[in-house]
Amino acid sequence: MDEPNGIAVPDDPVRAAAQVARRVLPRYAKALNAVRRSALHQPEPPHRPSAPEVTESLTLIWYPDGVVGAPSASVPADARTVLYGCYFQYSPHEAAFVLPASYSTEARALLLQSAVRQLTAQGIGVNFRHAAPAPSRPPGTAAPALGAPPGARQPAARR
């Protein structure tokens, strides 16, 4: 049912009140009853369950070569099975769980999405960060000459 529309009323307050009471208020009452009836027959919208409480967390590091990894010391025991199931490999040389860059970009994205979904369902929070860039020399500093002892002064450049 459409909601009540406005009406034109005369300048006389008594006649205007009578028209509002006779024409508008019954429409509002019908509309209110229609809303109440539909609320009784329509179920409540589904509510999403709240996210599980985070008890532990895991930080995945994205390296410049495309490898995604986590130091094994920071991986919770419950997360290791999930990481293995999502094709992460344990690298003893790096003491880390890594998802190799040999997988395609799409495959790595799907594996990471699957791992994050499973870990968060278990209450393990997942953080992502980029690896720290490799330290570089400030501009204008040269590498020491071969054969020169450490701390030896370099000869001044001629102009």
Inter-residue atom distance Leu60.CG - Leu112.CG, 0.5 Å rounding: 6.5 Å
Nearest non-hydrogen partners of Ile61 and Pro71, listed with the distance: CD1-CD, 4.0 Å
Whether Tyr103 and Tyr87 hold their rings parallel, tilted or perpendicular, with breakpoints at 30° and 60°: tilted
Check: Phe97 and Leu58 side chains under 4.5 Å, non-hydrogen atoms: no
Other residues, nucleotides, ligands: >12 heavy atoms within 6.0 Å of His93 NE2: no
In one Ile/Leu/Val/Met/Phe/Trp/Tyr side-chain cluster, 4.5 Å: Tyr84, Val116: yes
Non-hydrogen side-chain atoms of Asn127 and Ser57 separated by less than 4.5 Å: yes
Transitive ILVMFWY side-chain link Trp62 to Val98, under 4.5 Å: no
Minimum heavy-atom distance between Pro26 and Arg23, given as atom pair plus value: CD-C, 3.9 Å
Closest non-hydrogen atom pair, Gly69 against Tyr63: N-CE1, 4.2 Å
With sequence neighbours excluded, residues passing side-chain contact (heavy atoms from CB on, under 4.5 Å) with Ala121: none
ILVMFWY network linking Leu111 to Val68, side-chain heavy atoms under 4.5 angstrom: yes
Donor-acceptor pair, side chain of Arg108 and main chain of Gly66, under 3.5 angstrom: yes
Closest contact, heavy atoms only, Ala8 versus Gln19: O-OE1, 3.2 Å
Minimum side-chain heavy-atom gap Val75-Tyr90 below 4.5 Å: no
Stepwise side chain to side chain contact (heavy atoms under 4.5 Å, CB included) test for Leu110 and Gln113: CA-CA 5 Å; Leu110 289 172; Gln113 183 181 24; 3.9 Å; yes
Any side-chain heavy-atom pair of Leu119 and Pro76 under 4.5 Å: no
Residue pair Ile124, Val82: steps toward the side chain to side chain contact (heavy atoms under 4.5 Å, CB included) verdict: CA-CA 11 Å; Ile124 300 172; Val82 172; over 6 Å; no
Flag, side chain of Ser72 to backbone of Ala95, donor-acceptor distance under 3.5 Å: yes
Shortest non-hydrogen separation from Asp78 to Gln122 and the atoms involved: O-OE1, 3.6 Å
Partners meeting side chain to side chain donor-acceptor pair (under 3.5 Å) with Ser114 (sequence neighbours left out): Gln118
For the student: nearest non-hydrogen atoms of Val9 and Ala16, plus distance: CB-CB, 3.7 Å
